[in-house]
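To start, the structure itself, in structure tokens.
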Amino acid sequence: MDSSDAHLERALEEYNQKVNELEPQGPTEQLLEAYVNRGCILSMMEYRTSAMEDLDSASELIEYLETDGDEVDAGTYVKTYAEMGNLLFEQGADPVEAYVRAGLRVSKLNDRSRHFDHRSIVRMCIAVTEDLIDSEYPEDTEPFLRKGMSMVMTKRDAWSMNRYLELLNLEAEVSDARNDPQSAIESYARAIELGTELLGMEQLEDPEELVMSFVSKAEAEDGLGLTDMYLADANAAIVLLEQMLEFNRLDDTEVLISLHHDMAGVLMKNGRIEEAEKHLMKAMSLGVHGASEYMNSQTNRSV
């Protein structure tokens, strides 16, 4: 057993004891906290059924206490339902009801809320938004996007700026999922501006996040028939991917191959046959000969 497992085992024993001591006393805020804490520990230990039982008990206790006129701490409230939503999502069940309940009070979270600090609030907002998009509930992401952005959008430290980049891309995904490509393009443009700034500062944590901004913006532009804008953004994504490939930071060349094929198709439609053929040759070189030979050919062309 490693140290982290041992720590979780000790914490579980502690909260088992607390729950056993508090349950006979009836509904109390202390019992609620014990259920939530034990549920989170059980979740980390991957005892998902037991974790959900504790969170269900916490939810019932929240309803009981608030019916009695006591408003539960926003951190405890959000943690209960965000954790429930995450467990449901991981098990392939529908998380939306739990996440919607978490969203009712996410705006009230601050650095003094129980179970959260500044960074964990932002990370939770990102994770919930991703789950809701994947579960096809983009309309329910708004409180999480708004809260996450409010906590990072004016900050200039690298961590906050990278999280803001993620949130802008998610905001754009939501717009796209809600059939609003123009708003998606605007959000992707802001993400590209921020990501490019981080790249210039050498503080961009994940270059693929910026690649996604360019690729997704290009796809939205293609759908609206904005060919020149599409070609510019798709080409910018190719340049970034080639730089990643050169420095062994690209694990899979599939996206790069696909971009070359897509650009070739658009160029063909617009009668730019020679340019299209260049992209097809690059895609073929990547697919047949692999990344190493492809980069050698690019280097030789530039000499």
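In this text the structure is predicted, and so the values were computed from the model without any measurement. Start at 1 with the first residue, then count along the sequence.
- Of the charged side-chain nitrogens involved, none lies within less than 4.0 Å of a carboxylate oxygen, so that Glu142 and Arg178 do not count as a salt-bridged pair.
- Closest non-hydrogen pair, Val174 versus Pro138, comes out as CG1-O, 3.7 Å.
- Note: Asp94 CG to Glu136 CD = 10.5 Å, rounded to the nearest 0.5 Å.
- Side-chain atoms of Asp157 and Ser160 form a donor-acceptor pair, as typed in the model, at a separation below 3.5 Å.
- At a cut-off of 3.5 Å, with distance as the only test, a side-chain donor of Thr76 or Glu33 sits close to an acceptor on the other residue.
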- Could you go through the side-chain contact (heavy atoms from CB on, under 4.5 Å) check for Val106 and Val128 one step at a time? CA-CA 11 Å; Val106 71; Val128 172; over 6 Å; no
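- Cluster annotation: Leu22 and Ile41 are assigned to distinct hydrophobic clusters (Ile/Leu/Val/Met/Phe/Trp/Tyr, side-chain heavy-atom contacts under 4.5 Å, transitive).
- One side chain, Glu21 or Gln17, offers a donor N or O that lies under 3.5 Å from an acceptor on the other.
- The minimum heavy-atom distance between Asn110 and Arg112, with the atom names listed, is OD1-N, 2.8 Å.
- Taking hydrophobic clusters as Ile, Leu, Val, Met, Phe, Trp and Tyr residues chained together by side-chain heavy-atom distances below 4.5 Å, Leu167 shares a cluster with Leu194.
- Around CD of Glu23, the count of heavy atoms belonging to other residues, nucleotides or ligands within 6.0 Å exceeds 12.
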- Task: Begin from the C-alpha positions of Val19 and Tyr35 and carry the test side-chain contact (heavy atoms from CB on, under 4.5 Å) through to its verdict.
- Result: CA-CA 7 Å; Val19 170; Tyr35 278 138; 4.0 Å; yes
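- Counting non-hydrogen atoms of other residues, nucleotides and ligands closer than 6.0 Å to CD of Glu193 gives a total of 12 or fewer.
- Counted by atom type alone, Asp54 and Ser57 present zero donor-acceptor pairs between their side chains at under 3.5 Å.
- Judged by distance alone, with hydrogens and angles left aside, the side-chain atoms of Glu83 form no donor-acceptor pair with the main-chain N or O of Leu55 at under 3.5 Å.
- Judged by distance alone, the side chains of Tyr99 and Asp131 do bring a donor and an acceptor atom under 3.5 Å apart.
- Tyr164 does not carry Lys155 over the face of its six-membered ring by the limits of under 6.0 Å from the centre and within 45° of the normal.
- Between His260 and His279, the angle of the ring planes lies from 30° to 60°, which puts this pair in the tilted group.
- Nearest approach of Ala237 to Phe214, heavy atoms of both residues: CB-CB, 3.8 Å.
- Nearest heavy atom pair, residue Ala98 against residue Leu88, reads CB-CD1, 4.4 Å.
- With 3.5 Å as the limit, one finds a donor-acceptor pair spanning the side chains of Glu209 and Asn169.
- Judged by distance alone, with hydrogens and angles left aside, the side-chain atoms of Ser43 form no donor-acceptor pair with the main-chain N or O of Gly39 at under 3.5 Å.
- In terms of heavy-atom proximity, Tyr77 sits nearest to Arg101 at CE2-O, 3.1 Å.
- Tyr137 and Ile126 end up in the same hydrophobic cluster when Ile, Leu, Val, Met, Phe, Trp and Tyr side chains are linked at under 4.5 Å.
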- Message: Between Asp111 and Asp117, does the side-chain contact (heavy atoms from CB on, under 4.5 Å) criterion hold? Intermediate values first, please.
- Response: CA-CA 5 Å; Asp111 295 355; Asp117 59 19; 5.8 Å; no
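- What you find for Ala184 and Ser175 is that their closest heavy atoms are N-CB, 3.6 Å.
- The cluster map of Ile, Leu, Val, Met, Phe, Trp and Tyr, joined by side-chain heavy atoms under 4.5 Å apart, puts Val211 and Met229 in different clusters.
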